[in-house]
Amino acid sequence: MNSDEVTGLKRLWKYAGPHRPQVIAAIFHTTMGKVMDVVPEILIGAVLDVIVRGQGSFVATQFGIADRWQQLLVLATANLFAWIFESLFGYWSAISWRNLAQTIEHEMRDQLYRHVQSLEVSWFEDNTSGGLLSVLNDDINQLERFLDGGAASILQVFWNIVLVGAMFAVSSWLLTLLAFLPIPIIVAGSIRYQKRLEPLYARVRESVADLSATLTANLSGIQTIKAFTAEDREAARVAEVSDAYRQANRDAIRFSSAFVPLIRMAILAGFTCTLVVGGWLVLNNRMEVGIYAVLVFMTQRLLWPLTRLGETLDLYQRAMASTRRIFGLLDVRPVMKEGSQPLVEPVRGEFELRDVTFGYGDGPDILHGITLRVPAGESHAIVGATGSGKSTLVRLLLRFHDARQGEVLLDGQDVRHLSYASLRGAMGYVSQDVFLFHGTVRDNIAYGRPDSRPEEIEAAAQAAEAHEFILSLPNGYDTIVGERGQRLSGGQRQRISLARAILRDPAILVLDEATSAVDNETEAAIQRSLARVTQGRTSVVIAHRLSTVRDCHRIWVLERGRIIEAGTHDELIAHGGLYAALWRVQTGEAVKVHPTASPIR
Ligand code: ATP
Ligand code: MG
């Protein structure tokens, strides 16, 4: 066992800590079960003793029962009770361990999920959701399998050695020595084996993660796969990854299966010794037949369960491979530190970027020295070519990422000092790739304020021009939208997520292409209600369709991560720069760009 494992086990034990009474109950049940398990063997010896010695038997002398038949009946009754209690304790023991395993599994999954959820956005960009799923699901289940059977099994082996050992010790020292001889060999062998299994199981876990990642990605991209008739190719790819998993397992299986036969050999040697030497002792009247019989049965009892040690260690090794992955994930620390300050009430909703430079990961700068201010209550727009950095810019407002240089301020407070609850709580955000949860339309709209009243939900839907179409759905507001909202059209999804942001009644609305998928008419209607909704509320709107933003207080034009123009619609048109050119293209007027026009601010 290396130090890594010791800390792993210690941390695992910490989860069991609060459930100590259950642990003790489980240990008690297993122990009693084991004691009851040994009793019949002793009784068999006593029966033989009765038959061989009669009046002088152990039962006769100790309990004063003279009649042999009665002696037998007493022993048979005792045996019956021993079996009944063994079954009962076995049942209780299974229940206690399994429930304990379930509880620990549940708590770990809960903690792990919370932890993963607290990690920053960029971390998720670097990790596949399938890989994460394999840890959250598979690895935790693996752990459960060990806790389920492994702990009880180790305990049983322990009690076996103690109880049987005690009986041997009072009977014959020579036989004790012989019977116990194989144990150190078996234990030493097991540990060596287990060491060599470790890397094999680590590989198995990695290939599970690969498999899970591939499957998750493929299932969510099923339409693309079909559209490009790539089914065969994808099936082959999945088969390949699955085969790698099988291969990794095969190596582990081959190795772990050789273990039990090896242990059996060691056991057989010990058993044969007891049989021969004990028989010799009886023949020479140095030992009672009853005791001999008990010892022969006991040797079986002692040694055969040790074969299970192999299985248990195997489970343990698998569990440790999983535990390492689980704790590895738990040890990932967010790079971004959440601030602790609340926003000063009342929230005004003024935004400012001061000379902000940003890039993803180790990549090049995406935004260069951006300085912009959105005064409280104003509607501002960000426009620019695709890939110019618009979405990136608003993600900085929500602090999904931190700027490399410069400051992002909300109401004059650096967003890095604010708690996420107060920063993000002040915002209603409609992201460019709309996401709906599997559930009803109502639940999706109320996502940011689950306690909203039905009238409020409808009012928000009305403002987002969603009310009408929702009523026409099969179950109205109670219609299930399907996974990721796939039962709705793109424009419908957008309007629901817009309603979701509006319902939150935030100080700041951040809309990233929130109306890109709706028709012109609907858009005009949304525009009118948004004008009402954004009255006296700060809003930051990203749009490709410039008609959407022409009434904004100020329009910022982004090009390759730089602000090249800013002003009202009229100012920008008069300026005759990029915006004016784009406007002419969209309104169908002459297409001519003035690349030489100087930026205005
Ligand atoms: P669009 O109008 O198409 O939505 P955009 O202006 O919103 O474009 P952004 O999404 O901000 O553009 O992307 C700006 C640049 O940043 C692009 O070059 C893109 O490749 C890069 N980028 C965006 N997201 C990431 C990311 N998570 N990791 C690395 N690079 C990214
Ligand atoms: Mg974008």
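Read the numbers this way: they start at 1 and go in the same order the structure lists the ligands and their atoms.
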How does Ile366 reach ligand 1, if at all, at less than 4.0 Å between non-hydrogen atoms: by side chain, backbone, both, or neither? side chain
Nearest heavy atom to atom 7 (O) of ligand 1: which of Ala543, Ser391, Gly561 does it belong to? Ser391
Taking 4.0 angstrom as the limit, do Glu352 and Arg354 come out as a salt bridge? yes
Under 30°, 30 to 60°, or over 60°: which ring-plane class applies to Phe437 and Tyr447, parallel, tilted or perpendicular? parallel
May I ask whether Gly384 has any heavy atom positioned less than 4.0 angstrom from an atom of ligand 1? no
Taking the side chain as everything from C-beta on, heavy atoms only, tell me whether Leu409 gets closer than 4.5 Å to Phe351. no
Give the ring-plane orientation class for Tyr360 versus His401, where under 30° counts as parallel, over 60° as perpendicular and anything between as tilted. perpendicular
re atom 14 (C) of ligand 1, the protein heavy-atom contact at minimum distance is Gly387 O, 3.5 Å
Return the orientation label for the His380 and His553 ring planes: parallel under 30°, perpendicular over 60°, tilted otherwise. tilted
Under 4.0 Å from atom 23 (C) of ligand 1, is there any protein heavy atom? yes
Under 4.0 Å and counting heavy atoms only, is there anything from the protein next to atom 20 (O) of ligand 1? no
Would you give the length of the straight line joining atom CZ of Arg493 to atom CZ of Arg495, rounded to the nearest 0.5 angstrom? 12.0 Å
Geometry only, no angles: is Gly389 polar-contacting ligand 1 at N/O separations under 3.5 Å? yes
Below the 3.5 angstrom mark, is there an N/O of Glu513, backbone or side chain, next to an N/O of ligand 1? no
dist Thr587:OG1 -> Arg550:CZ (nearest 0.5 Å) comes out at 9.0 Å
Atoms of ligand 1 close to Thr386 [distance to a heavy atom under 4.0 angstrom, numbered from 1]: 1 (P), 2 (O), 3 (O), 8 (O)
Which of the numbered atoms in ligand 1 are under 4.0 angstrom from any heavy atom belonging to Glu125? 27 (N)
State the atoms of ligand 1, each with its element, that fall below the 4.0 Å cut-off from a heavy-atom position in Arg395. 24 (N)
